[in-house]
Amino acid sequence: NIRSNVLLSTPHARTAPSRLPTTTHGAATFERAGPYVTARITRIAAAWRASLWLVDLDSAPDDAELATLSAAECSRGHRFVFAHDRDRYFSSHAALRQLLAERNGVPAAELVFALGPNGKPTLEGSGRTAFNMSCSGGTGVIAIAEQGTVGVDVELLREISNVDDLVSEHFTQMEQA
């Protein structure tokens, strides 16, 4: 079983991000909010002024969705050595384009991304739409907000067999207490 944490943070959040309730889908257990429906892209509840979407990255986008990707996205995707990483990259970017296109009323292929001052992707000409995407294994999470900034993170949790050795090697005695 693979466990995954999903954390969402925005400047508008009233409380710090926390672990979310657990649901199981296939071999993976997701920490999530709201109902989970077996689909490639599923909206899940968010307690903040943001839409939060869970994306099954192992469910391939169709040819029409792939056709919306930019030349730069295609070029970057084809640099992945392993096919499953390449496929997940294409799946995540196609899902992001689909959701941003629906939100902004623009065809997905016409969306243009730019990099902000700290390298975070932004959507050119979108005004206030903020977004963030995080992927780990076959799980992707996309957050979209109408204003401000938004951040989301998903990480697969895995058991570490030699945790005591790692702790003693990398932490001081005080940190280990």
Side-chain angles (χ1 to χ4, degrees), residues 2 4-10 17 20 25-28 30-34 36-46 48-157:
I2 300 169
S4 169
N5 268 339
V6 177
L7 299 176
L8 173 70
S9 63
T10 75
L20 302 170
H25 175 65
F30 300 100
E31 304 277 345
R32 54 89 178 152
Y36 182 78
V37 179
T38 303
R40 194 171 97 68
I41 304 172
T42 305
R43 185 172 186 165
I44 53 180
W48 302 275
R49 291 183 227 167
S51 297
L52 188 59
W53 301 87
L54 182 65
V55 182
D56 177 1
L57 301 179
D58 290 324
S59 177
D62 60 32
D63 289 342
E65 290 174 300
L66 290 173
T68 67
L69 299 177
S70 70
E73 286 169 307
C74 290
S75 175
R76 182 170 183 206
H78 284 293
R79 287 188 293 219
F80 284 94
V81 174
F82 300 108
H84 67 273
D85 292 331
R86 179 179 50 251
D87 294 345
R88 288 172 175 171
Y89 174 86
F90 288 140
S91 185
S92 66
H93 283 254
L96 178 63
R97 282 183 169 275
Q98 178 184 343
L99 293 170
L100 288 172
E102 289 172 7
R103 175 65 65 103
N104 290 288
V106 177
E110 292 180 19
L111 296 173
V112 178
F113 295 96
L115 294 179
N118 296 320
K120 185 173 181 175
T122 61
L123 191 57
E124 269 187 20
S126 71
R128 303 180 327 194
T129 302
F131 67 92
N132 192 244
M133 176 172 59
S134 178
C135 302
S136 185
T139 303
V141 176
I142 297 172
I144 302 174
E146 287 303 319
Q147 58 185 352
T149 60
V150 65
V152 66
D153 189 36
V154 61
E155 292 293 333
L156 293 180
L157 300 180

Identify, with sequence neighbours excluded, every residue that meets side-chain hydrogen bond (donor to acceptor under 3.5 Å, both in side chains) alongside D58.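 side-chain hydrogen bond (donor to acceptor under 3.5 Å, both in side chains) check on D58 returns R88.
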Testing the basics here: between [X] and [Y], what is the closest heavy-atom pair and its distance to 0.1 Å?
{"X": "S51", "Y": "R103", "result": "OG-NH2, 2.6 Å"}
{"X": "V150", "Y": "A50", "result": "CG2-CB, 4.3 Å"}
{"X": "A101", "Y": "P107", "result": "CB-C, 4.1 Å"}

Working to the nearest 0.5 angstrom, can you tell me the gap between [X] [atom1] and [Y] [atom2]?
{"X": "T68", "Y": "D63", "atom1": "OG1", "atom2": "CG", "value": "11.5 Å"}
{"X": "D85", "Y": "F90", "atom1": "CG", "atom2": "CZ", "value": "11.5 Å"}
{"X": "E110", "Y": "N104", "atom1": "CD", "atom2": "CG", "value": "12.0 Å"}
{"X": "I142", "Y": "L96", "atom1": "CD1", "atom2": "CG", "value": "5.0 Å"}
{"X": "R86", "Y": "H78", "atom1": "CZ", "atom2": "NE2", "value": "7.0 Å"}
{"X": "R97", "Y": "L69", "atom1": "CZ", "atom2": "CG", "value": "6.0 Å"}

Evaluate V55 against S92 for side-chain contact (heavy atoms from CB on, under 4.5 Å), listing each step before the verdict. CA-CA 7 Å; V55 182; S92 66; 5.8 Å; no
Do S70 and E73 have side-chain N/O donor and acceptor atoms under 3.5 Å apart? yes
I144: which of V152, L99, L123 passes side-chain contact (heavy atoms from CB on, under 4.5 Å): L99
Looking at L156, is its backbone amide N or carbonyl O close enough to the side chain of S136 to form a donor-acceptor pair, meaning the two atoms are under 3.5 Å apart?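 Checked: pair present.
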So does K120 get a backbone contact from the side chain of N118, meaning a donor-acceptor N/O pair under 3.5 Å?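 Side chain of N118 to backbone of K120, a donor-acceptor pair under 3.5 Å: no, none is there.
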Check whether any side-chain heavy atom of L100 sits under 4.5 Å from a side-chain heavy atom of F131, and report yes or no.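 A side-chain contact exists here, since the closest heavy-atom pair is under 4.5 Å.
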Could you go through the side-chain contact (heavy atoms from CB on, under 4.5 Å) check for E146 and T129 one step at a time? CA-CA 5 Å; E146 287 303 319; T129 302; 4.1 Å; yes
Residue list, ring-ring contact (aromatic ring centres under 6.0 Å, His included) with Y89, at least two apart or on another chain: F80, H93
